[in-house]
Amino acid sequence: MTAIRLYNTRTRSKEEFTPFDPRNVRMYVCGPTVYDRAHLGNARPVVVFDTLFRLLRHVYGEEHVTYVRNFTDVDDKINATALARQEAGAVGTLEELIHQRTEETIGWYHADMDALGALRPTAEPRATQYIGAMVAMIEGLIERGHAYEVSGHVLFDVRSYPEYGRLSGRSVDDMIAGARVEVAPYKRDPMDFVLWKPSDASLPGWDSPWGRGRPGWHIECSAMSYELLGASFDIHGGGIDLQFPHHENEVAQSCCAHPGADFARVWMHNEMLLVESKKMSKSLGNFFTVRELLEQGYPGEVIRFVMLSTHYRKPMDWTAEKAREAKQALDDWMHLTCDLHPAPAEDFQADEKLLEALGDDLNTHLALTYLRALRSQPQKLLDHARFMGFLSDDARAEYNRAQASFVMSFGAGSTSRLAHLAQKMHALRAAAMASKDFAPVDALKSALIAAGVEVRMSKEGVELVPGAGFDPAKLEGL
RNA sequence: GGCGGGUUGGCGGAGAGGUUACGCAGCGGAUUGCAAAUCCGUGAAGACCGGUUCGAUUCCGGUACCCGCCUCCA
């Protein structure tokens, strides 16, 4: 069995991965808050942990890996969007408008992440489906003396959990010293965080022992991971910016609610995405969405390739140049493999070298280097690229559709416009060879290149290949 | 202020205490009427200062600079 070593944020070291139960390897990854289109930064953990999911499925068997990624559909930004729609005259109750908004966003998210070649997780729970589990967990925390109720709020008492701060390497005292936020007066300790907060009539709420309200941000992941994966599971992933406070608080809640269990054994955090060397973030406003990129003509697999060309624990700068290189490599692979048939997934056995690269804390860059070396073995390249999430059925279909639509618009075989031009070119060239006057040949060649056609000439004949910027209209009159 | 991470050739980006990363770009060659595509070959690095070592870009310490978290965020 392939050895997998993963960097564990909790211990700050690379460790050999040993699942609690090899027949049910369990991974939880923090998913999106569904109030708007996913930006490119949101896509990084999706692609990274999708690659890990694929590796785990290959090593332990498809049926033996459970991957949970949540949708946060309780959030004040969602409420605000719904409220704005209502004020703009949208029909329906606030709850209906909120539901509409989250449904719509989840649909976008699925479409965008599918385009990146990411497999759907085993389960995608929504916070609103687990309010009962959250309330139960909060009640348990109060009973055990780890949480307290104050004026409709329930707060977690960080001083009741001595390990608080261990995951993110901070001490409560240091954090208080450097605190930049105003502290709510009802908190026993400035670092105490909200488990439950009251909702007024203009906000969505659920009945609870503490009145009508809604959960704090962190409790949902604790409740859903417990319900779907148990008190102890193998891997918890997410962006490094979630390490504190989100994951720290998750650890505190879960470990206090289920003493004796491990919660997540391995914590994995992907680094941030940069744009122009600055972190892409909502507050800086320098983010763009996956959809925008797709619409600009960057195929999803190109985005995936760029993502995987940088190790997940390093910041990654998104640049047009990287996208260009990725596209070049993928086009080349597609061209080499478009006529081959992929091996059925169940028969595929990945090469040990590729598995070693991925098993070494997801060295995806090395894995891509391995794929590149497979140029001379197209069948092997096709199967291994597909294992990595490239050259998918969709991408191959799209490629073939593009080829077909080209034939469609010009007619097939010798009557095709380009074939005709190729013949013309060939004849002109043959004449030029004799007359030594190449001007007419060069003129036609220039016109073809201007139309986005690549001109390949050899002794055997002339081959015309339409490129990315191919414009059939420019062929008129040639 | 507290905590964490980074600094590799023109660009991107890995591994390894000593032996070619790789890709892109460049250069040279084959090929071509000239090109394109393809193939072959090739130069170029390890922020700075110390230490450990027979030997460090790789380990340790310091300096500088950059970045992130501590506030919604993947």
Side-chain angles (χ1 to χ4, degrees), chain A residues 9 12 29-33 35-36 38-49 69 72 75-77 165 168-182 191 217 237-248 269-274 277-284 287 305-317 319 321-329 332 335 356-357 360 363-373 375-376 429-430 432-439 441-442 445-446 448-449 453-459 462-465 467:
Chain A
T9 308
R12 315 272 151 153
V29 173
C30 288
T33 302
Y35 66 96
D36 205 352
H39 65 69
L40 193 59
N42 291 304
R44 194 171 186 193
V46 172
V47 171
V48 165
F49 291 107
R69 186 181 62 208
T72 299
D75 178 84
D76 288 348
K77 284 190 286 286
S168 54
R170 304 150 196 258
S171 79
V172 174
D173 293 328
D174 286 350
M175 284 188 285
I176 292 167
R180 290 192 271 163
V181 230
E182 245 178 84
M191 296 313 294
W217 174 33
I240 187 76
D241 55 341
L242 295 183
Q243 186 188 22
F244 188 89
H246 184 54
H247 290 160
E248 192 69 61
H269 291 103
N270 61 276
E271 252 295 346
M272 297 292 98
L273 195 110
L274 309 177
S277 306
K278 285 278 174 215
K279 177 187 162 187
M280 169 184 272
S281 77
K282 287 163 191 170
S283 55
L284 289 175
F287 66 95
F305 194 107
V306 172
M307 293 263 176
L308 294 182
S309 67
T310 299
H311 186 83
Y312 77 95
R313 283 194 286 116
K314 287 201 163 186
M316 193 207 81
D317 213 349
T319 65
E321 174 61 13
K322 283 185 189 173
R324 188 195 63 78
E325 282 188 25
K327 181 154 197 324
Q328 192 170 304
D332 179 45
H335 184 70
E356 264 174 37
D360 181 14
N363 191 337
T364 51
H365 183 89
L366 206 60
L368 292 178
T369 299
Y370 171 80
L371 289 186
R372 259 196 257 269
R375 257 195 119 253
S376 56
R429 187 155 157 272
M433 297 281 223
S435 70
K436 300 292 173 200
D437 174 17
F438 288 95
V441 190
D442 288 338
K445 189 174 81 176
S446 303
L448 286 166
I449 290 171
V453 181
E454 191 183 292
V455 181
R456 300 181 186 175
M457 281 183 265
S458 67
K459 285 196 183 81
V462 176
E463 199 185 348
L464 299 180
V465 184

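Residue numbers start from 1 in every chain, and the chains themselves are labelled A, B, ... in the order their sequence lines are given, proteins ahead of strands. Remember, predicted model here, so these are calculated numbers, not experimental data.
Comparing the P positions of B:G15 and B:A47 gives an interatomic distance of 16 Å, to the nearest angstrom. Comparing B:C59 with B:C65, their C1' atoms sit 23 Å apart, to the nearest whole Å. With P as the reference atom, B:U32 and B:G26 are 23 Å apart, rounded to whole Å. On the P atoms, B:G43 is 15 Å away from B:G28, given to the nearest whole Å. Comparing B:A37 with B:A25, their P atoms sit 9 Å apart, to the nearest whole Å. Across the C1' atoms, B:A21 and B:U57 are found 14 Å apart, a figure rounded to whole Å. Comparing the P positions of B:U58 and B:C49 gives an interatomic distance of 13 Å, to the nearest angstrom. When the P atom is compared between B:G4 and B:A56, the two are found 30 Å apart, to the nearest whole Å.
Remark: side-chain polar atoms of A:Asp360 are not paired, donor with acceptor, to backbone N or O of A:Asn363 under 3.5 angstrom.
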Can you check nucleotides 36-44 of chain B for protein contacts, nitrogen or oxygen pairs under 3.5 Å, and list what you find?
residue, atom, partner, partner atom, Å
B:C39, OP1, A:Arg375, NH1, 3.1

Tabulate atom names and distances for all N/O pairs under 3.5 angstrom spanning the protein and nucleotides 8-13 of chain B.
residue, atom, partner, partner atom, Å
B:G12, O3', A:Lys322, NZ, 3.3
B:G13, OP1, A:Lys322, NZ, 3.1
B:G13, O2', A:His365, ND1, 3.3
B:G13, O2', A:His365, NE2, 3.0

Give me, pair by pair, the N or O atoms of the protein and of nucleotides 2-4 of chain B that are less than 3.5 Å apart, along with how far apart they are.
residue, atom, partner, partner atom, Å
B:G2, O2', A:Asp174, OD2, 3.2
B:C3, O2', A:Gly169, O, 3.1

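Taking both residues in full, the closest heavy atoms of A:Leu274 and A:Pro315 are given as CD1-CB, 3.9 Å, listed atom of the first, atom of the second, then distance. The two atoms that bring A:Phe438 and A:Ala432 nearest to each other are CD2-CB, 3.6 Å, heavy atoms only.
Look at A:Asp36 and A:Lys77 and you find no salt bridge, because none of the NZ, NE, NH1 or NH2 atoms lies under 4.0 Å from a carboxylate O. Residues A:Arg324 and A:Glu321 are paired through a salt bridge, judged by an N-O separation under 4.0 Å between the basic side chain and the carboxylate.
Residue A:Asn270 contributes atom CG, which lies 14 Å from atom C1' of B:G5 at whole-angstrom precision. Computed from coordinates, the A:Met272 CE to B:C72 P distance equals 15 Å when rounded to whole Å. Rounded to an integer number of Å, the gap from CG of A:Asp75 to C1' of B:A74 is 14 Å. A:Asn363 has its CG atom 16 Å from the P atom of B:G23, to the nearest Å.
Of the listed nucleotides (B:A74, B:A14, B:A25), B:A25 has the atom at the smallest distance from the side chain of A:Gln328. Of the candidate nucleotides B:C73, B:C70, B:G33, B:G33 has the atom nearest to the side chain of A:Phe438. Comparing B:G33, B:C69, B:C73 by their closest approach to the side chain of A:Phe244 singles out B:C69. Checking B:C22, B:A74, B:A35 against the side-chain heavy atoms of A:Thr369 singles out B:C22 as nearest.
For A:Asp241 and B:G68, a side-chain-to-base donor-acceptor distance below 3.5 Å is absent, hydrogens and geometry of angles not being considered. The base of B:C34 sits with one of its N or O atoms less than 3.5 Å from a complementary donor or acceptor on the side chain of A:Lys445.
Under the rule for a side-chain contact (heavy atoms from CB on, under 4.5 Å), the partners of A:Val48 that lie at least two apart in sequence or sit in another chain are A:Arg44, A:Tyr312, A:Leu362. Legend: residues meeting ring pair (Phe, Tyr, Trp, His ring centres under 6.0 Å) with A:Phe244, ordered by chain and number and at least two apart, are absent.
Consecutive Watson-Crick or G-U pairs involving RNA chain B, each under 3.5 Å on both distances, make up stems of three or more pairs at B:1-7 with B:64-70, B:10-12 with B:22-24, B:26-30 with B:38-42, B:47-51 with B:59-63.
For the pair A:Gly239 and A:Val441, nearest-nucleotide mapping onto RNA chain B gives the more 5' position to A:Val441.
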